[in-house]
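Here's the structure we're looking at; comments come further down.
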Amino acid sequence: MFHRLVPTMKTTTCATAVACGILTVAARAPEKYDAVVVGGGPAGLVMASRLSENPAFRVLVLENGPETYENINVTTPAWEVRLPGTQFSWNFTTVPQPALDGRAIPLEQGNGWGGGSAINYMAYCRGSRSVFDEWASISGIDELRWDKLLPYFRRSAQLTVPDDRDYEQIINSTVFGPDNVHVSYESSTQYYPIDRAFRDVWAASGAHDADLNAGDGIGMILGGPSAVNPSNGTRSYALPAYGWKMAGRPNAKMLHGARAIKVNFEGTRVVGVDYVDLACGQTHTVVAPEVVVSAGAINTPRLLLLSGVGPKEHLAEVGVPVVVDSPDVGARFKDHPIVAMMFNASPQFVTARAFGDPATLAPLLAEYRANGTGPLSVPGGSSFATERVPDAVLDSFGVDVTFQKQLPQDRPHLLYQYVSGPMLAAPPGANAVSSFVALVQPEQAGTVQLQTADWRDAPRVGARYFGSAGDAALVRYGYRKLLAMMRSAAVDAVSAGELYPDYDVTSEAAVRGAIANATITFHHPASTCSLGHVLDQRFRVRGVQGLRVVDSSAIPVLPTCHLQASVYALAEYAATVLAADFW
Ligand SMILES: Cc1cc2nc3c(=O)[nH]c(=O)nc-3n(C[C@H](O)[C@H](O)[C@H](O)COP(=O)(O)OP(=O)(O)OC[C@H]3O[C@@H](n4cnc5c(N)ncnc54)[C@H](O)[C@@H]3O)c2cc1C
Ligand SMILES: *[C@@H]1O[C@H](CO)[C@@H](O)[C@H](O)[C@H]1NC(C)=O
Ligand SMILES: *[C@@H]1O[C@H](CO)[C@@H](O)[C@H](O)[C@H]1NC(C)=O
Ligand SMILES: *[C@@H]1O[C@H](CO)[C@@H](O)[C@H](O)[C@H]1NC(C)=O
Ligand SMILES: *[C@@H]1O[C@H](CO)[C@@H](O)[C@H](O)[C@H]1NC(C)=O
Ligand SMILES: *[C@@H]1O[C@H](CO)[C@@H](O)[C@H](O)[C@H]1NC(C)=O
Ligand SMILES: *[C@@H]1O[C@H](CO)[C@@H](O)[C@H](O)[C@H]1NC(C)=O
């Protein structure tokens, strides 16, 4: 079933026969496909693998980044921390953030087969049902309602619950299916003993156990689940889950090291794509009547803008000829910003520090290689809790909290999570662990725009983290609460001292400063080419023919927890729509 060598998966075209620079674009007969999918992340690989199930339908997938599967840093869950900033990452940074004393925040995205699913932290969570009901009302697609999207969630993921869990988690196994992404809970020997202290402190603050994959968004979870294949403790991501299914099909071709730089039009009708073979810099033109852009929430609007699909004033400003004025391309950017704190775990707790010392790493590696278990087989931070802040507390902020209060009652505002290693710079040798608070229903939207018309130049990621008074007040409340929880007796019992910010950070001004220094991102950007705004009910970009967008950028409203589960389900649904239209 699983192939080590994948016959039709090619590095690049020029790595085979054609010497770079000898043949020009014009000298090569353009390749023809029925559809080109741009981007080999979760959405792109679902689309291409589903569309190529029809053997008469020829699909090309273009992926900018490299092969990922053979890389041990991708496949080993605990090595997730090694991936941002490498060849597997787009090294985006936001513009300076006014609410964060002008700091610019790194916002890496996945680059390579599997996209973000190849470098993410593997948490698997669907969250509040009302989010999907809102997707349906914004998009006009009734099938996106939670009850109707559930079959697509099921289609995309299978669940394993180990039988040696000593913790009674509420788990509704009917919301998973038999195939594709492996989602697994950790056994009691796998989750870190220190997780218990976090669970206790969240419970003491009022959180209750819940299954956050079956429609509920408010509650807490210990030890998973994560996108990990329990048979050998490896990352379960879009390449093994979907990509390989098409790898042997003669009608499907997967090219990596291939950057789409422009969707080509005749008038307003798509005729194909230009891509650059990154190994040699040569540009190729592919002919296809349908292009599906699945390049992620930053690169999808970027490619549309480079192709002349976007707000006409912005396109004029950077000098891109307008194909269609589509004012919402790149607008409505939302992300989950997070603020971290760190403390020194008592020495008896195994943390990521163990991985840095050959003597403590050796037995862990031996266990992982022999049995696929132990600390290397888990993401190391799969326990979390969410909170809906009561109206009375929101009112006490003394700012406009209309948005936060009118969110449906099943939605949390904040998510608190634990991580078994440092999330901020830690002193050498520290046994650092982290906890953070995330704003999961931000009010303030941002933008993605071009800086120039050159495909090489980084886009301008205009995040506006904590950009409304309500968002800013909410995160201050959440960070204060996080600090109070982490300074309580239950955590004191497992702590050898706070590393960040510091026990004396208690005043309003000091907390604001600590937040400004310790804000990072959950890497969940979305909504930059949203359904209901840029896209119609069949995922078509309005105003042109032959162009669709299916990925995190199409999502109308951020889910209340981690993003990938929703991307897989949305893509599974979109695949049925596109297959009906294309085949
Ligand atoms: C560091 C990190 C941690 C995360 N942690 C979690 C987590 O724990 N749980 C969770 O649920 N979610 C997590 N996420 C988010 C999740 O991975 C993303 O939401 C998801 O991958 C989005 O899928 P996508 O298909 O929309 O886009 P992406 O995953 O971004 O895929 C887009 C693909 O398109 C390719 N591409 C882009 N432009 C071009 C182009 N011009 N030509 C060709 N190819 C192109 C990219 O290289 C990429 O492979 C994390 C993400 C990151 C980056
Ligand atoms: C994995 O990451 C480590 C540490 O960053 C690096 O030294 C090593 O070269 C990487 N391995 C591969 C196969 O990329
Ligand atoms: C991000 O930076 C790394 C390290 O410099 C580099 O290898 C990688 O190619 C960069 N990513 C992209 C998409 O340019
Ligand atoms: C499991 O989840 C489904 C979907 O939300 C729901 O219909 C069902 O009632 C749940 N079952 C239990 C036992 O909670
Ligand atoms: C893990 O197991 C799966 C089968 O479930 C297999 O396809 C994959 O190659 C294995 N991964 C590694 C890195 O051994
Ligand atoms: C692998 O698991 C077996 C059975 O539980 C155990 O006896 C063995 O010690 C483990 N191997 C390592 C290297 O941990
Ligand atoms: C935040 O960073 C600034 C500049 O590095 C520093 O002066 C300040 O003390 C930091 N504040 C906290 C709370 O860490």
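For clarity, every value in this text was computed on a predicted model and none was experimentally measured. Both counts, for ligands and for their atoms, begin at 1 and track the order of listing.
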Using a 4.0 Å cutoff against the non-hydrogen atoms of [X], which atoms of ligand 1 qualify?
X: S117; result: 17 (O), 21 (O)
X: N111; result: 47 (O)
X: S552; result: 22 (C), 24 (P), 26 (O)
X: S294; result: 32 (C), 33 (C), 34 (O)
X: G112; result: 47 (O), 49 (O)
X: E108; result: 53 (C)
X: G110; result: 46 (C), 47 (O), 48 (C), 49 (O)
X: G115; result: 29 (O), 31 (O), 48 (C), 49 (O)

[Y] and [X] side chains, donor-acceptor separation under 3.5 Å:
X: D274; Y: T285; answer: yes
X: N299; Y: Q109; answer: no
X: T94; Y: Y465; answer: no

Part of [X] with heavy atoms under 4.0 Å of ligand 1, whether side chain, backbone, both or neither:
X: D551; value: both
X: I261; value: neither
X: R302; value: neither

Please list the nearest protein heavy atom to [atom] with its residue and the distance rounded to 0.1 Å.
atom: atom 15 (C) of ligand 1; value: H523 O, 3.4 Å
atom: atom 20 (C) of ligand 1; value: P42 CG, 4.1 Å
atom: atom 25 (O) of ligand 1; value: A43 N, 3.0 Å
atom: atom 31 (O) of ligand 1; value: G41 CA, 3.5 Å
atom: atom 9 (N) of ligand 1; value: A123 O, 2.9 Å
atom: atom 17 (O) of ligand 1; value: N120 ND2, 3.1 Å
atom: atom 38 (N) of ligand 1; value: N299 CB, 3.2 Å
atom: atom 28 (P) of ligand 1; value: G116 N, 3.8 Å

With heavy-atom distances below 4.0 Å as the criterion, list the atoms of ligand 4 near [X].
X: L150; value: 4 (C)
X: W146; value: 5 (O)
X: V175; value: 2 (O), 4 (C)

Non-hydrogen atom of [X] closer than 4.0 Å to ligand 1:
X: A258; value: yes
X: W90; value: yes
X: L62; value: yes

(message) If you apply the rule side-chain contact (heavy atoms from CB on, under 4.5 Å), what do you find for V534 with V541, and how did you get there?
(response) CA-CA 6 Å; V534 175; V541 175; 4.2 Å; yes
(request) Would you please classify the geometry between the F132 ring and the W146 ring as parallel, tilted or perpendicular, with 30° and 60° separating the classes? (result) tilted
(message) Once you measure the plane-to-plane angle for H562 and F522, does it fall in the parallel (<30°), tilted (30-60°) or perpendicular (>60°) bin?
(response) perpendicular
(request) Give the C-alpha distance, both sets of side-chain angles, the deciding distance and a yes or no for side-chain hydrogen bond (donor to acceptor under 3.5 Å, both in side chains) between S130 and D410. (result) CA-CA 7 Å; S130 73; D410 74 334; 2.5 Å; yes
(message) Regarding atom 41 (N) of ligand 1: of the candidates P525, A118, G296, A260, which has the closest heavy atom?
(response) A260
(request) With atom 32 (C) of ligand 1 as the reference point, say which of A295, G39, P66 has the nearest heavy atom. (result) A295
(request) Answer yes or no: is there a side-chain heavy-atom contact under 4.5 Å between V433 and V419? (result) no
(message) Measuring only between side-chain heavy atoms, which start at C-beta, is R235 closer than 4.5 Å to W79?
(response) no
(message) With respect to A214, determine whether any N or O atom, backbone or side chain, lies less than 3.5 Å from an N or O atom of ligand 4.
(response) yes
Could you list each N/O atom of ligand 6 together with any protein N/O atom closer than 3.5 Å, one pair per line with the distance?
from     : atom 1 : to   : atom 2 : distance (Å)
ligand 6 : 2 (O)  : N371 : OD1    : 3.3
ligand 6 : 2 (O)  : N371 : ND2    : 2.2
ligand 6 : 11 (N) : N371 : ND2    : 3.0

(message) Looking at D142 and K148, is any side-chain nitrogen of the basic one under 4.0 Å from a carboxylate oxygen of the acidic one?
(response) yes
(request) Validate the cation-pi geometry between R126 and Y152: distance from NZ or CZ to the six-membered ring centre under 6.0 Å, angle to the ring axis within 45°. (result) no
(request) For D133, enumerate each residue passing the salt bridge (charged side-chain N to carboxylate O under 4.0 Å, His left out) test, keeping only those at least two apart in sequence or located in another chain. (result) none
